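Here is the structure we will look at, set down as structure tokens.
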Amino acid sequence: MAMLEISNLHVSVDGHEILKGVNLIVDAGEVHAIMGPNGSGKSTLALALAGHGAYEVTEGSVTFLGHDDFLDMPPEERARLGLFLAFQYPVEIPGISNAYFLQSALNEMRKSHGMEELDAFEFQDLLAEKMELVKVDPSFADRNVNEGFSGGEKKRNEILQMAVMEPRLAILDETDSGLDIDALRIVAEGINRLRGKDRAFVLVTHYQRMLNYVKPDFVHVLYQGKFAKSGGPELALELEDKGYDWLKESVPA
Amino acid sequence: MIELMERTDRAHYEADLKRVQALESPAWMKDIREAGAARFAEMDFPHYKQEAWRLTNVGPVVKTPFRSVVGEPSGHVTPDDVAAHLYDAPEWTQLVFVDGFLSRELSRMGDSTQAVRVGGIGEAVAKGDEILEEHLAKSAEYTNAFVALNTAFLQDGAYIHVSEGAAPSAPIHLLFISTGVDTIASYPRNLIILGKSAEAEIVESYVGLNNTAGYLNNVVTEIVMEDNATLRRYKVVREGSAGHHLATTKVMQGRDTNFHSFSISLTGQIVRNELDVVLGGEGANALLSGLYLNDGDRLIDNALRVTHASPKCYSRMAYKGVLDGTSRSVFTGKVLVPQGSQQTDSNQLNNNLLLSDKATLDTKPQLEIFADDVKCTHGATIGGFPRELIFYFQSRGMTEAMAHAILTFGFASEIVDKINIDPLRERLSKYVFDKYRPK
Ligand SMILES: Nc1ncnc2c1ncn2[C@@H]1O[C@H](COP(=O)(O)OP(=O)(O)OP(=O)(O)O)[C@@H](O)[C@H]1O
Ligand SMILES: [Mg+2]
């Protein structure tokens, strides 16, 4: 059984239909890349899967890890099941340290799986290990979540959170945008280290660069709310070359 | 009509004033009390027609026939009662006052030396103390009838004198316990004097032991800072749930002094913290921070006034409030810059977190500026948490309730985290955390 199965998903925002019948199957261990022009609905898909209330599913179904009631679950339950979204625009949280935020998040997750909560010391060790894994500065722990972080630092912080939460499926929404060349390589290495047969990734990206480091199994192009084309890694190269205009013909009206 | 009711509501004070005036005291002390009583006789109680009290309804306080404490505390307090409110810090001097009276048995007195005197006003008056006599009841203005009452009933409170160049090695903690046996009114009166270049850290805690009695804690604190002195003052109000706290603090700052004030209002039915700071010498600096956690049907009023009486002074007000239930909160930031006070730099910020749409806030800056070379800014905000912030928590497996709790804690922590006395900061941080933790 597939890890994630999306069929004929229609999503509206403020009454405007943005996704117009998305189909996607992701199996454990796979890496999928989603590309597509600005405004085509990539973030909408990511946020609708994560359960953001503004994104209304009007048609279609989503099954995640065998749960066919996935779309009825509140966002926190989806996260506890193992869905992780690295935001395109992570928010800043005043007054709350990264360490405290992540400890609370992880413990909620652990509780829901019947595991014991980690105390501050145990968590400190775990966090130190994860910070090493994704190569973020130890000062991140005590800084308030994303507050005053540069654009690139925020993205790296999302990757740190992913490393701590150890999701089954991670959707990374343009995590590569805003990263400098070294940071991109480090983030990609982090992702590669987290790859495994039980875990899947959906990478939303505009750039081939990222896909040089994290080799996708499939590449999909979202165009005006639908997948216009799917293929292997070579599709990304083709897009880099030709842009999106040539896809117009392949979208049924 | 209102006037009439107020007049008849004075009878109980008048009877108790006779008792306090009959106490044995030196003539100068009797004079102070009589001056207070005379002012009280002339003044009306605050009411909504006065601008400074427009939204602060002290009707419940005015109407209660309090029994004023005279001569001794009203209730009995055991070491067990106070233990939880003291700090486990052997090097600190910790004075305990019961209904406004110093209790040497309950206190953990450090050595009171010539350089640093820490004790009670009552005992100092009895022994005779020239510095006390020179300063007591000299700076606090009769801004309202409660100040006059405090002066008329002046018997005891904390007296701290740090002489020139001296600095106690540890914080001084003043713990004011209200026994709250029936409706008593107590009148702590504090005098804090810092000589030239002296430094001190003082924690004032106001704690009620009784959560049902509608008692009144009427407090006046006078602080005098001579040139170059530095004072960090932390005031924490944790009165009983039905208790009232009406306090006026007057601070006179000399040249190049640094006054850093933290005012934390946690519990009490009606709480008013009046803080009146006079920057009376060039280069004086006042940083006034505050936090109020309001809920239920309580009222918390922070009335601040900073007078830039000299040029080149600097003042900051930064108060944050968490507003829940049907509570009412008032913040007034008055800044006076008389003619000639050039190069004044003042800023005020009042940020409020609204947790209930039935809670109300009135926040107002009042700038009266008569000099031209000044920088005076102000800002106020009120609001809840943006949806995107809540969703971020949810996307990390936390419920909406948990997001609210953590975010509220974070909001309050921005003030609490600036407290540099570790045990105090930790205690407050835990208090805030527990208060907003999802039940
Ligand atoms: N809250 C909203 N209200 C109104 N329109 C919205 C809202 N959110 C998204 N949209 C619209 O939905 C469309 C798809 O947006 P989405 O953010 O999913 O695009 P995207 O593919 O992620 O684009 P980008 O590459 O620029 O990140 C856009 O036209 C956008 O303006
Ligand atoms: Mg997007």
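This structure is a prediction, so every number in the text was calculated from the model and none was measured. In what follows, chains carry the letters A, B, and so on, assigned in the order in which the sequence lines appear, proteins first and then strands, with residues in each chain numbered from 1.
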Which portion of A:M109 sits near chain B, non-hydrogen atoms under 4.5 angstrom: neither
B:Y87 ring center within less than 6.0 Å of B:H173 ring center: yes
Pair B:F409 + B:Y436: ring centers closer than 6.0 Å: no
Heavy-atom proximity to chain A below 4.5 Å, by part of B:S413: side chain
Under 4.5 Å from any heavy atom of chain B - which part of A:P74: neither
Neighbour count >12 (heavy atoms, 6.0 Å) for atom CG, B:D88: no
Ring centre gap for A:F101 and B:Y392 strictly below 6.0 Å: yes
Portion of A:Q161 that has a non-hydrogen atom of chain B nearer than 4.5 angstrom: side chain
Option that, when pairs with chain A are counted at under 4.5 Å, heavy atom only, ranks first among B:M402, B:E414, B:M398: B:M398
Basic-acidic side-chain contact under 4.0 Å: A:E30, A:R199: no
Contact winner vs chain A - B:G397, B:A403, B:A412, B:S395, heavy-atom pairs under 4.5 Å: B:G397
